[in-house]
2 protein chains.
Amino acid sequence: MAASAQTRIARRSPNAAVVFAALGDPTRLALVARLCDGSRRSIAQLSDGQSLTRQAISKHLRVLESARVVRSERAGRESLFVLNPQPIEDIRNYIELVSSQWDATLSRLKAFVEK
Amino acid sequence: MAASAQTRIARRSPNAAVVFAALGDPTRLALVARLCDGSRRSIAQLSDGQSLTRQAISKHLRVLESARVVRSERAGRESLFVLNPQPIEDIRNYIELVSSQWDATLSRLKAFVEK
DNA sequence: TCAAAATGCAACCGTGAAGTTGCTCTTTGT
DNA sequence: ACAAAGAGCAACTTCACGGTTGCATTTTGA
């Protein structure tokens, strides 16, 4: 069975949607930006300077964690968060798929116009 | 002013968050997959076969449109939707930025271990 | 030992997202 | 001319999200 491009894309979507949704919030996006240097930071660190409550930040981190964008580990009295690049890589591939599909169309269109 | 990587990333986020949020829903992701072949389809076409109501699909399309992931154009009694690759390209670049930041960290880490 | 730090947990609130239903309007095709 | 197709609009319901507050628990460090 040769899957169509659309099917190939659709097969990846259930997980992709979760990751996209996790990134679809400015606060969470800021947290990701803060963590993408590979550092492990505590909730207190991550909520310091922000206008939101520590609990709000904590909730956002849990959302990111349930989408596996981030992993947490308890260390003494604090829990440290670190970025997990895997899901990001996944949606990167997803976007690549959509883009390539689109590019193929453009090429066909161009060829048609020039014919 | 040499902006830090974090700042560089953060500057792009406000718009990125909107696009991510628009893609953060299985139904909308399916619509994008359906449109990424460059075709222009009507609401009736796009809601055909789906389990949701035509109005539900219509709403989702409007969400995608307000995030500029999709453009619409009225043609007679139907409105046709077509993918707009620009925002997709934007978040692609965004992800590229995060990934490169992460990769740089890995390299540093590797260099440190091997030293 | 004990106070402060860091977090977790639970209840609560307001708002908007997602979806449906019902109606109207315009366009199409016969 | 008129029925059917396609879509828009508005009202409504449900429910999850984002956020806060208050309190309990564990850990740390002096």
Side-chain angles (χ1 to χ4, degrees), chain A residues 10 13-35 39-83 87, chain B residues 10 13-35 39-83 87:
Chain A
S13 42
N15 238 330
V18 175
V19 179
F20 279 129
L23 298 180
D25 178 282
T27 301
R28 289 197 290 266
L29 219 42
L31 288 170
V32 169
R34 192 94 180 275
L35 287 172
S39 57
R40 16 184 77 216
R41 299 187 194 272
S42 68
I43 297 180
Q45 276 179 298
L46 288 169
S47 50
D48 192 62
Q50 300 298 101
S51 59
L52 296 183
T53 315
R54 173 183 57 81
Q55 278 84 348
I57 301 291
S58 183
K59 275 195 181 181
H60 280 299
L61 285 168
R62 296 308 170 186
V63 172
L64 287 172
E65 188 178 22
S66 69
R68 307 199 178 281
V69 175
V70 126
R71 280 176 303 144
S72 79
E73 168 193 1
R74 195 67 192 251
R77 70 177 148 182
E78 54 191 1
S79 45
L80 300 178
F81 287 80
V82 61
L83 190 75
Chain B
S13 42
N15 238 330
V18 175
V19 180
F20 279 129
L23 298 181
D25 177 282
T27 301
R28 289 196 290 266
L29 218 42
L31 288 171
V32 169
R34 191 95 179 277
L35 286 172
S39 58
R40 16 184 79 216
R41 300 186 192 273
S42 68
I43 297 180
Q45 277 179 297
L46 289 170
S47 50
D48 191 63
Q50 298 299 101
S51 61
L52 295 183
T53 316
R54 174 182 59 83
Q55 278 83 350
I57 301 291
S58 182
K59 276 194 182 182
H60 280 299
L61 285 168
R62 297 307 170 187
V63 171
L64 288 172
E65 187 177 24
S66 70
R68 307 198 180 281
V69 174
V70 127
R71 281 175 302 143
S72 80
E73 170 193 0
R74 194 69 190 251
R77 70 177 148 183
E78 54 191 1
S79 41
L80 300 177
F81 286 79
V82 61
L83 189 76

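So that the names make sense, note that chain A is the first sequence line, chain B the second, and so on, each numbered from 1.
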task: Provide, to the nearest angstrom, the distance between the CD atom belonging to Glu65(B) and the C1' atom belonging to dG8(D).
output: 13 Å
message: Need one value for Thr27(B): base, sugar-phosphate or nothing, where a base atom within 4.0 Å counts as base even if backbone is also close, heavy atoms only.
response: nothing
- prompt: From dG6(D), dA18(C), dA11(C), pick the nucleotide closest to the side chain of Lys59(A)?
  reply: dA11(C)
field: Spacing of OG1 belonging to Thr27(A) relative to CG belonging to Leu61(A), to within rounding of 0.5 Å
entry: 10.5 Å
message: In whole Å, I'd like the distance from the CD atom of Glu78(B) to the C1' atom of dG29(C).
response: 13 Å
Minimum side-chain heavy-atom gap Val82(B)-Leu35(B) below 4.5 Å: no
message: Quick one, Ser72(A) with Arg62(A), criterion side-chain contact (heavy atoms from CB on, under 4.5 Å). Give me CA distance, side-chain angles, the key distance, then yes/no.
response: CA-CA 9 Å; Ser72(A) 79; Arg62(A) 296 308 170 186; 3.6 Å; yes
- prompt: Base, sugar-phosphate alone, or nothing: which one does Ser79(A) contact when heavy atoms must sit under 4.0 Å apart?
  reply: sugar-phosphate
message: Tell me the interatomic distance from Glu73(B), atom CD, to dA7(D), atom P, rounded to whole angstroms.
response: 13 Å
- prompt: Taking CG from Asp25(A) and C1' from dT15(C), how many angstroms apart are they, rounded to a whole number?
  reply: 15 Å
message: Rounded to whole Å, how long is the line connecting atom CD1 of Ile43(B) with atom P of dC9(D)?
response: 10 Å
query: Between Gln55(B) and Val63(B), which is nearer to the 5' end of DNA chain C once each is assigned its nearest nucleotide?
result: Val63(B)
- prompt: Looking at OG of Ser47(A) and CZ of Arg54(A), how far apart are the two atoms once the value is rounded to the nearest 0.5 Å?
  reply: 7.0 Å
message: Classify Arg74(A) by what it touches in the nucleic acid, base, sugar-phosphate, or nothing, heavy-atom distance under 4.0 Å.
response: sugar-phosphate
message: Whole angstroms only, please: what is the CZ-C1' distance between Phe20(B) and dA17(C)?
response: 20 Å
query: Does Arg28(B) reach the side chain of Leu23(B), with side-chain heavy atoms less than 4.5 Å apart?
result: no
- prompt: For dA7(D), does either OP1 or OP2 sit under 4.0 Å from a side-chain N or O belonging to Ser58(B)?
  reply: no
field: Distance, rounded to the nearest Å, where Arg77(B) contributes CZ and dT24(C) contributes P
entry: 20 Å
- prompt: Please give, in whole Å, the distance from dG8(C) P to Ile57(A) CD1?
  reply: 13 Å
query: Between dC17(D) and His60(A), is there an OP1 or OP2 to side-chain N/O distance shorter than 4.0 Å?
result: no
message: Distance criterion of 3.5 Å, no angle test: do you see the side chain of Arg54(A) paired donor-to-acceptor with the base of dA6(C)?
response: no
